[in-house]
Amino acid sequence: MSGDIEREAESRELQMNEFEDHVHAFIRYLSGVRNLSPNTVRAYQGDLEAYCSWLRREGVNPLDITHRELRRWLAEQSRARYTASSVDRRLSAVRDLYRWLVHEGITDKDCAAAVAGPRRAKTLPRTMDDASVAKLLATCDVSTPDGLRDRCFLELLAATGSRISEAAGLKVSDIDIARRQIRLFGKGAKERIVPLYDAAVETVLAYIESARPELLAKAKGPSKAGDALYISTRGNAMSADALRTVFERHVGIAGLDPTLTPHAMRHTYATELLANGADMRSVQELLGHANLATTQIYTHLSVERLKEATRQAHPRAE
């Protein structure tokens, strides 16, 4: 009897070791073939490692997991008070993994395809009004190199609707002053061109010509920043986290809602474009959305603005 138990335990251990090897291969595929951003790959890896830990703990065969067992996995996360969005993200990672396993011929059973995630509350993206954006930009002391850099960063967020990761990846060569446009590299290294308005062009030009060289000069020894657009006070290229800190600092100085993030500027950009007559396909292209449905949420924001304007202005609204 004990021998059977030991053999069964060894078999489960072998199954899990092989499955984890497949997971590692899937992560390499996401990075090397699908060319997802490092942050996205790390999120997949963390979610799938957590899933593998659960499989080991429960003694479940990962390539023959049942619908009921997957529902039990989801329920356990809900009991652990993970948010619906976190649970949904983990389920999405597991779905993608099994879909890939089927595609690679490792299994013919797409175990997670029919499992539904938790219902998520419908929330509209956070945006900023014109006065708040102006207040944020006004916090930058453009008489200093780092102040002009911060103004350039915030102005370009407002002018392009770029993600913080895209902003951190910007190079001087990505900006075409003559054509008044900027090149952004989004998810999956997809390239898109976004036009710039005059105020943004003037700010960027001032920063590149005066402030950026001063910041590069502060590096100890030869600077390793290369062609990076945003340079720290130590002469280094700035990461997404460093730029996020810059944003949060200026939000604090402006006295705005401290929960605002750089993504609020992206939401604001999209909403303003649609509210002022831009067509949906153009906004989709400018934002770098792969799916038009992702862009459509901003039409709801525009409708909400119209409702609010009606409530405030219509004589019978009260």
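Small disclaimer: the values here were computed from a predicted structure and weren't measured.
More than 12 heavy atoms of other shown residues, nucleotides or ligands fall within 6.0 angstrom of atom CG in N17. In the displayed structure, R57 atom CZ is contacted under 6.0 Å by more than 12 heavy atoms of other residues, nucleotides or ligands.
A 4.5 Å side-chain heavy-atom check between F247 and F153 finds at least one atom pair inside the cut-off. Between P213 and L216, the closest side-chain pair of non-hydrogen atoms is not below 4.5 Å. Under the 4.5 Å side-chain criterion, counting only non-hydrogen atoms from C-beta, N236 is not in contact with I231. Using a 4.5 Å heavy-atom cutoff, the side chains of V251 and T259 are not in contact. Residues V204 and E155 form no side-chain contact, since every pair of their non-hydrogen atoms from C-beta on lies 4.5 Å or further apart. Looking at heavy atoms from C-beta onward, W73 lies out of side-chain contact with V60 at the 4.5 angstrom threshold. P262 has its side chain within reach of L157: a pair of non-hydrogen atoms, C-beta onward, lies under 4.5 Å apart. Using a 4.5 Å heavy-atom cutoff, the side chains of W54 and E76 are in contact.
A side-chain donor-acceptor contact under 3.5 Å links R281 and Q284. A donor-acceptor contact closer than 3.5 angstrom is absent between the side chains of S282 and E285. Looking at D146 and T144, their side chains do bring a donor and an acceptor atom within 3.5 Å of each other. When only modelled atom types and interatomic distance are considered, D227 and S173 share a side-chain donor-acceptor pair under 3.5 Å. Checking T271 against T268 by side-chain atom types alone, no donor-acceptor pair falls below 3.5 Å.
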Chi angles and distances behind the side chain to side chain contact (heavy atoms under 4.5 Å, CB included) call for R149, R212: CA-CA 7 Å; R149 176 205 63 207; R212 186 176 179 277; over 6 Å; no

Stepwise side chain to side chain contact (heavy atoms under 4.5 Å, CB included) test for R192 and R183: CA-CA 6 Å; R192 68 185 188 277; R183 179 174 54 185; over 6 Å; no

Derivation of the side chain to side chain donor-acceptor pair (under 3.5 Å) call for S239 and D241: CA-CA 5 Å; S239 66; D241 285 340; 5.2 Å; no

E58 vs R72, side chain to side chain contact (heavy atoms under 4.5 Å, CB included): CA-CA, chis, key distance, verdict: CA-CA 10 Å; E58 297 298 315; R72 182 155 54 88; 2.8 Å; yes

Intermediate values then yes/no, side chain to side chain contact (heavy atoms under 4.5 Å, CB included), L256 and K135: CA-CA 9 Å; L256 300 176; K135 201 172 182 180; 4.2 Å; yes

Side chain to side chain donor-acceptor pair (under 3.5 Å) between T245 and E248, worked out: CA-CA 5 Å; T245 299; E248 292 169 353; 4.8 Å; no

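At a threshold of 4.5 Å between side-chain heavy atoms, the hydrophobic network of Ile, Leu, Val, Met, Phe, Trp and Tyr places I177 and L196 in one connected group. In the hydrophobic cluster analysis, where Ile, Leu, Val, Met, Phe, Trp and Tyr join through side-chain heavy atoms closer than 4.5 angstrom, Y197 is grouped apart from M128. V23 is not connected to V102 by any chain of hydrophobic side-chain contacts under 4.5 Å among Ile, Leu, Val, Met, Phe, Trp and Tyr, and they are in different clusters. Neither L154 nor I253 shares a network with the other; the hydrophobic side chains, linked directly or stepwise wherever heavy atoms of I, L, V, M, F, W or Y lie under 4.5 Å apart, form separate groups for each. Transitive grouping of hydrophobic side chains (ILVMFWY, heavy atoms separated by less than 4.5 Å) keeps I193 and F185 in distinct clusters.
Rounded to the nearest 0.5 Å, atoms CD (E69) and CG (L74) are 12.5 Å apart. The CG atom of L156 lies 8.0 Å from the OG1 atom of T203; values are rounded to the nearest 0.5 Å. With rounding to the nearest 0.5 angstrom, the SG atom of C140 is 8.5 Å from the CZ atom of R249. For the atom pair Y44 OH and L48 CG, the distance stands at 8.5 Å (nearest 0.5 Å). The OG atom of S132 sits 9.5 Å away from atom CG of D257, with the distance rounded to the nearest 0.5 Å. Note: L215 CG to R234 CZ = 13.0 Å, rounded to the nearest 0.5 Å.
Ring geometry for W100 against F26 counts as tilted: the plane angle lies between 30° and 60°, on a 0 to 90° scale. The aromatic rings of Y98 and F19 sit tilted relative to each other, their planes meeting at an angle between 30° and 60°. Taking the six-membered ring where the residue is Trp, H267 and H263 present perpendicular rings, their angle passing 60° and hence far from 30°.
In this structure, the side chain of T139 engages the main chain of L136 through a donor-acceptor pair within 3.5 Å. The backbone N or O of L170 sits nowhere less than 3.5 Å from a side-chain atom of Y230 that would complete a donor-acceptor pair. Of the possible donor and acceptor atoms, none in the side chain of S92 sits under 3.5 Å from a partner among the backbone N and O of D88. With hydrogens and angles ignored, the 3.5 Å screen pairs a side-chain donor or acceptor of E166 with a backbone N or O of R163. Of the possible polar contacts, one joining the D174 side chain to the K171 backbone as a donor-acceptor pair under 3.5 Å is found. The closest donor-acceptor contact from the side chain of R266 to the backbone of L287 lies under 3.5 Å.
Among all heavy-atom pairs drawn from K109 and L63, the shortest one is CD-O, 4.2 Å. The heavy-atom pair separating G235 from A225 by the smallest distance is O-CB, 3.9 Å. Of all heavy-atom pairs between A113 and R95, the closest is O-NE, 4.3 Å. Residues S162 and L184 share a closest heavy-atom pair of CB-CD1, 3.9 Å. Here the closest non-hydrogen pair linking V194 and A159 is CG1-O, 4.2 Å. Taking each heavy atom of C111 and P62 in turn, the nearest pair found is SG-O, 4.3 Å.
By the salt bridge (charged side-chain N to carboxylate O under 4.0 Å, His left out) test, D198 is found to be paired with R180, residues two or more places apart in sequence or in another chain being considered.
Salt-bridge check for R151 with D141: failed, with every basic side-chain N at 4.0 Å or more from each acidic carboxylate O.
With respect to P195, the side chain to side chain contact (heavy atoms under 4.5 Å, CB included) criterion is satisfied by exactly one of I182, T160, V201, L286: L286.
Under a cutoff of 6.0 Å and an axis angle of 45°, R90 and Y82 form a cation-pi pair.
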